[in-house]
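Owing to the predicted nature of the structure, the values given are computational and were not obtained by experimental measurement. Heavy atoms only: backbone and side chains are in, while hydrogens, waters and symmetry mates are out.
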Amino acid sequence: MIRTRRAFDPQAIRLVIFDLDGTLIDSRLDLVRSVNAALRHIGRQELPDGVIASHVGDGAPILIQRCLGAGAGDQELVQRGLQFFLSYYREHKLDHTRVYRGVKAALRAIQRGSNGTPRKMAVLSNKPVGPSRAIVEALGLGGFFTQVYGGNSFTTKKPDPQGARKVMEENGVQPQEAAMVGDSHVDVETGRNAGMWTVAVSYGFAPHTLQPTPPDVLVDSPHELAQVLA
């Protein structure tokens with residue numbers, strides 16, 4: 001079901017910026033297994049899948065800190081866990097990660113636009129840029145996007161608007177002509193901070209975070225996402 005809090009004209013949208021994990025791809029299992037491998041490596045107890053998935057969205061350092069809980073104050077422990085996580089995930093990032101069903105069809109429809117003028121699309125993730133780009137290419141999504149940026153592409157991460165503003169600048173688009181699409185409050189706040197329209201998906205990792213930070217439009221499927229933007 002499409003829920004609209006603040007309507008916008010899809011024909012006015014010239015650029016759509018997408019989050020990656022939980023929005024375009026289901027990377028939950030690979031992330032969970034990589035975090036638990038890191039926890040084992042530093043002598044900590046593994047966590048349930050759902051707990052780890054609920055911590056995804058703010059980048060790898062904060063993910064590890066959250067998963068360590070009370071141990072997050074030990075910076076040496078955090079760094080050991082983070083470095084092992086990044087190394088392990090680099091090798092296992094595509095073991096189980098898949099594009100969500102319907103996403104490619106939705107991207108084709110959104111890219112075509114609704115007035116005959118093709119839209120530009122980009123990815124802005126808090127995942128490091130190396131694995132982000134590797135995943136996008138390996139899963140056949142690379143041709144859709146003008147840019148793929150990660151959490152280490154800029155001096156700040158989402159929800160800081162630096163990355164979103166850079167993407168808009170590079171595509172010659174004003175904030176009122178752009179939409180941010182994601183699965184968590186981080187993406188909604190990023191769009192708001194950049195002055196963009198915001199669309200959130202409820203099928204991702206962190207739909208619970210959208211209640212206190214509602215987007216302009218909330219959708220339940222890639223098909224509905226295409227309806228809203230195309």
Side-chain angles (χ1 to χ4, degrees), residues 13-28 30-31 34 55-64 82 85-87 89-90 93-94 97 99-100 103-104 106-108 110-111 118-201 204-206 209 213 215 222 225 229:
I13 303 299
R14 298 174 52 212
L15 169 69
V16 183
I17 302 176
F18 293 88
D19 174 50
L20 186 58
D21 298 274
T23 302
L24 299 176
I25 63 169
D26 183 357
S27 54
R28 176 186 173 113
D30 288 333
L31 287 169
S34 297
H55 294 327
V56 173
D58 290 285
I62 294 179
L63 172 62
I64 297 301
L82 175 61
F85 166 78
L86 291 173
S87 176
Y89 185 68
R90 192 174 298 116
K93 61 184 177 293
L94 287 164
T97 294
V99 180
Y100 281 115
V103 158
K104 288 186 178 180
L107 290 176
R108 284 191 289 268
I110 293 167
Q111 190 174 49
R119 283 198 189 90
K120 295 179 179 179
M121 302 192 299
V123 169
L124 179 61
S125 175
N126 274 347
K127 184 199 296 288
V129 66
S132 294
R133 289 178 174 169
I135 289 170
V136 165
E137 290 299 327
L139 297 182
L141 298 176
F144 289 111
F145 304 114
T146 57
Q147 298 107 328
V148 176
Y149 286 129
N152 56 347
S153 294
F154 306 99
T155 57
T156 59
K157 294 181 175 68
K158 297 182 298 183
D160 188 278
Q162 181 186 18
R165 287 173 176 164
K166 182 63 173 177
V167 174
M168 287 189 287
E169 177 187 337
E170 290 177 343
N171 285 284
V173 170
Q174 297 300 310
Q176 66 272 18
E177 300 173 310
M180 180 76 206
V181 178
D183 71 313
S184 79
H185 70 102
V186 173
D187 305 301
V188 176
E189 291 172 8
T190 302
R192 287 181 182 178
N193 292 339
M196 304 164 62
W197 297 98
T198 59
V199 182
V201 302
F205 296 166
T209 68
T213 314
L225 184 61
L229 287 167

L229 and V181: CA distance, side-chain angles, deciding distance, side-chain contact (heavy atoms from CB on, under 4.5 Å) verdict: CA-CA 10 Å; L229 287 167; V181 178; 4.1 Å; yes
Test log, rule side-chain contact (heavy atoms from CB on, under 4.5 Å), inputs D19 and F205: CA-CA 12 Å; D19 174 50; F205 296 166; over 6 Å; no
Derivation and outcome, side-chain contact (heavy atoms from CB on, under 4.5 Å), residues V99 and L24: CA-CA 6 Å; V99 180; L24 299 176; 5.8 Å; no
Derivation and outcome, side-chain contact (heavy atoms from CB on, under 4.5 Å), residues E189 and R192: CA-CA 5 Å; E189 291 172 8; R192 287 181 182 178; 5.5 Å; no
Test log, rule salt bridge (Lys or Arg N to Asp or Glu O under 4.0 Å), inputs K157 and D58: CA-CA 8 Å; K157 294 181 175 68; D58 290 285; over 6 Å; no
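The two residues A60 and F85 have their closest heavy-atom pair at CB-CE2, 3.8 Å. Minimum heavy-atom separation, A164 to M196: CB-SD, 3.9 Å. Among all heavy-atom pairs drawn from K93 and D30, the shortest one is O-OD2, 3.1 Å. Considering all non-hydrogen atoms of both residues, V173 and A178 come closest at CG1-CB, 4.1 Å. Looking at every heavy atom in both residues, I25 comes nearest to L141 through CG2-CD1, 4.2 Å. Closest heavy-atom contact between V167 and L15: CG1-CD2, 4.0 Å.
Between the side chain of R119 and the backbone N or O of I110 there is at least one donor-acceptor pair closer than 3.5 Å. In this structure a side-chain-to-backbone donor-acceptor pair under 3.5 Å is present from Q162 to T156. Distance alone, capped at 3.5 Å, places no donor-acceptor pair between the S27 side chain and the T97 backbone. Proximity of a side-chain donor or acceptor of D187 to a complementary backbone N or O of A200 within less than 3.5 Å is not detected. Within the 3.5 Å criterion, the main-chain N or O of M121 finds no donor-acceptor partner in the side chain of Q111. Side chain of T209 to backbone of S184: no donor-acceptor contact under 3.5 angstrom is found. Within the 3.5 Å criterion, the main-chain N or O of G57 finds a donor-acceptor partner in the side chain of N126. The backbone N or O of P161 sits nowhere less than 3.5 Å from a side-chain atom of N193 that would complete a donor-acceptor pair. Proximity of a side-chain donor or acceptor of W197 to a complementary backbone N or O of M180 within less than 3.5 Å is not detected.
If you take CZ on F18 and CG on L107, they are separated by 5.0 Å, rounding to the nearest 0.5 Å. With values rounded to the nearest 0.5 angstrom, I64 atom CD1 is found 11.5 Å from I62 atom CD1. Between the CD1 atom of I13 and the CD atom of Q176 there is a distance of 9.0 Å, given to the nearest 0.5 Å. N171 contributes atom CG, which lies 8.5 Å from atom CZ of R14 (distance to the nearest 0.5 angstrom). Between atom CD of residue Q174 and atom CE of residue M168 there is a gap of 8.0 Å, rounded to the nearest 0.5 Å.
A side-chain donor-acceptor contact under 3.5 Å links K127 and Y89.
Using a 4.5 Å heavy-atom threshold, the side chains of P215 and V199 count as separate.
Of the options I17, L124, V123, L20, a side-chain contact (heavy atoms from CB on, under 4.5 Å) to Y149 is made by L124 and by none of the others.
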